[in-house]
Asks: 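Please see the structure below; I have some questions.
Given the structure is predicted, the values throughout are model-derived calculations rather than measurements. Numbering starts at 1 and runs along the sequence shown.
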Amino acid sequence: LKLVLSRVVKQDIAFTLDFLFPPSAVGGEQISSIGRGLCVLLGISLEDTQRELEHMVRKILNLRVFEDESGKHWSKSVMDKQYEVLCVSQFTLQCILKGNKPDYHMAMPTEQAESFYNNFLEQLRKAYKPELIKDGKFGAYMQVHIQNDGPVTIELESPAATIDPKQLTKLEKQQQRKEKIRTKVPSESSRERNAPRNKDDPSASSGAEGDVSSEREP
């Protein structure tokens, strides 16, 4: 689970149902906005479980990125200040580059990710105040306008999880099988090296390379 968290003084989101035309081109509808608080961009991976979700909920709500009443920096969390949180699901955070081309095979599939994301929002609302947790529209083309305060932007990543074999992609499973076969089956060259030498074989070592025949006179 990867997050990009920004401290903001203002944030709003507009969207359109048509991916080909950005909201600015068709007068997109504003669907969510907050004042002071946190913008959370969330990238969900194939490996994420409830454990990672709960870990990130705690981090978001307790991360001290605000100043206290005396002006001391990095002293207060979003809960301490009773500020808002606006979350946006962003699968592109799970990008893996193949040369210059982004690859997203590690991102959780859409239907599964939507359920996970909704659960994430539910847990945030249970742990904080429901009315202070806002979100965008899952799967929609959106324009996210962030007025970053500072600027302060922090990347968070959940602790590495044990991979569930059922969640591995077909390509990853094939790679694992190849690695197992490679370790079990000796190569042609290693078989040749380990094969016993016939003493009548003219290609056998003459002893110049360290092999001494058992029949050689002392």
Side-chain angles (χ1 to χ4, degrees), residues 1-19 21-45 48 50 52-95 107-108 110 112-158:
L1 195 58
K2 295 182 179 180
L3 301 183
V4 174
L5 184 149
S6 299
R7 186 178 71 186
V8 300
V9 293
K10 182 181 179 182
Q11 178 187 359
D12 60 76
I13 301 175
F15 86 103
T16 176
L17 295 178
D18 192 338
F19 183 83
F21 299 96
S24 58
V26 295
E29 174 190 356
Q30 180 173 302
I31 56 172
S32 193
S33 65
I34 62 171
R36 290 187 65 85
L38 297 176
C39 164
V40 179
L41 305 180
L42 173 73
I44 306 169
S45 84
D48 290 327
Q50 186 71 18
E52 285 74 48
L53 184 154
E54 293 172 356
H55 172 84
M56 283 305 199
V57 166
R58 291 193 298 271
K59 281 295 182 185
I60 292 167
L61 297 179
N62 291 286
L63 193 64
R64 294 183 294 178
V65 295
F66 299 98
E67 59 184 29
D68 63 16
E69 293 72 17
S70 65
K72 183 179 179 181
H73 297 291
W74 319 112
S75 299
K76 297 292 182 179
S77 68
V78 70
M79 285 202 302
D80 294 330
K81 302 293 284 185
Q82 297 293 289
Y83 288 158
E84 297 174 289
V85 179
L86 203 166
C87 300
V88 180
S89 176
Q90 187 171 342
F91 72 90
T92 57
L93 289 176
Q94 293 294 338
C95 167
M108 188 176 286
T110 303
Q112 187 181 353
E114 184 172 11
S115 175
F116 189 97
Y117 177 66
N118 289 333
N119 186 23
F120 170 78
L121 293 173
E122 183 181 347
Q123 295 303 315
L124 269 177
R125 289 172 175 138
K126 284 182 178 179
Y128 191 27
K129 294 183 176 181
E131 67 274 14
L132 296 181
I133 303 296
K134 308 291 181 63
D135 71 298
K137 185 174 180 63
F138 187 91
Y141 185 102
M142 294 178 283
Q143 286 191 340
V144 182
H145 304 278
I146 302 170
Q147 192 170 334
N148 199 319
D149 180 27
V152 173
T153 301
I154 296 174
E155 295 182 32
L156 298 176
E157 188 167 356
S158 58

Asks: Got Glu69 and Lys76 here, is their nearest side-chain heavy-atom distance under 4.5 Å?
Replies: yes
Asks: Nearest 0.5 Å, please: how far is CD1 in Ile34 from NZ in Lys134?
Replies: 7.5 Å
Asks: Do the side chain of Gln147 and the main chain of Val9 share a donor and acceptor less than 3.5 angstrom apart?
Replies: no
Asks: Between Asp149 and Arg7, does any NZ, NE, NH1 or NH2 come within less than 4.0 Å of an OD or OE carboxylate oxygen?
Replies: yes
Asks: Does NZ belonging to Lys59 count more than 12 external heavy atoms closer than 6.0 Å?
Replies: no
Asks: Closest approach of Lys2 and Leu93, non-hydrogen atoms and distance?
Replies: CD-O, 3.4 Å
Asks: Are there over 12 heavy-atom neighbours, none belonging to His73, within less than 6.0 Å of that residue's NE2?
Replies: no
Asks: How about Phe66 and Leu38: do any of their side-chain heavy atoms sit closer than 4.5 Å?
Replies: yes
Asks: Is there side-chain contact between Gln94 and Met108, with at least one heavy-atom pair below 4.5 Å?
Replies: no
Asks: At what distance, to the nearest 0.5 angstrom, does CG of Leu41 lie from OG1 of Thr92?
Replies: 8.0 Å
Asks: Are the side chain of Asn148 and the backbone of Val152 linked by a donor-acceptor contact shorter than 3.5 Å?
Replies: yes
Asks: Are any non-hydrogen side-chain atoms of Ile44 and Gln112 less than 4.5 angstrom apart?
Replies: no
Asks: Using every non-hydrogen atom in the two residues, find where Glu52 and Ser158 come nearest and quote the distance to one decimal.
Replies: CG-OG, 3.3 Å
Asks: State whether the side chain of Asp48 and the backbone N or O of Ser45 hold a donor-acceptor pair below 3.5 Å, judged by distance alone.
Replies: yes
Asks: Please find the pair of heavy atoms, one from Leu1 and one from Leu42, that lie closest to each other, and give the distance.
Replies: CD1-CD1, 3.5 Å
Asks: Just checking, is any N or O donor in the side chain of Ser77 or Asp80 under 3.5 Å from an acceptor N or O on the other one?
Replies: yes
Asks: Hey, could you give me the NZ/CE distance between Lys137 and Met142, rounded to the nearest 0.5 Å?
Replies: 9.5 Å
Asks: Rounded to the nearest 0.5 Å, how far does CD1 of Ile133 lie from CD of Gln123?
Replies: 11.5 Å
Asks: Between atom NZ of Lys10 and atom CZ of Arg36, what is the distance when rounded to the nearest 0.5 Å?
Replies: 14.0 Å
Asks: Any side-chain heavy atom of Ile146 within less than 4.5 Å of one from Gln11?
Replies: yes
Asks: May I ask you to check whether over 12 heavy atoms, not counting those of Glu155, lie within 6.0 Å of atom CD?
Replies: no
Asks: If you round to the nearest 0.5 Å, how far is OG of Ser75 from CZ of Arg64?
Replies: 7.0 Å
Asks: Looking only at heavy atoms, which two atoms of Ala127 and Leu61 are closest? And how far apart?
Replies: CB-CD1, 3.6 Å
Asks: For Phe138 and Tyr117, take the angle between the two ring planes, folded into 0 to 90°, and tell me which bin it lands in: parallel under 30, tilted 30 to 60, perpendicular over 60.
Replies: tilted
Asks: Can you see which heavy atom on Leu86 is nearest to which on Gly136, and at what distance?
Replies: CD2-N, 4.3 Å
Asks: Nearest heavy-atom pair of Leu121 and Cys87: which atoms, and what distance?
Replies: CD2-CB, 3.9 Å
Asks: Please walk me through it: do Thr153 and Val4 pass side chain to side chain contact (heavy atoms under 4.5 Å, CB included)?
Replies: CA-CA 7 Å; Thr153 301; Val4 174; 3.7 Å; yes
Asks: Given 3.5 Å as the limit, does a donor-acceptor pair link the side chain of Asn119 with the main chain of Ser115, or not?
Replies: no
Asks: So Phe120 and Val57, do their side chains get closer than 4.5 Å, heavy atoms only?
Replies: yes
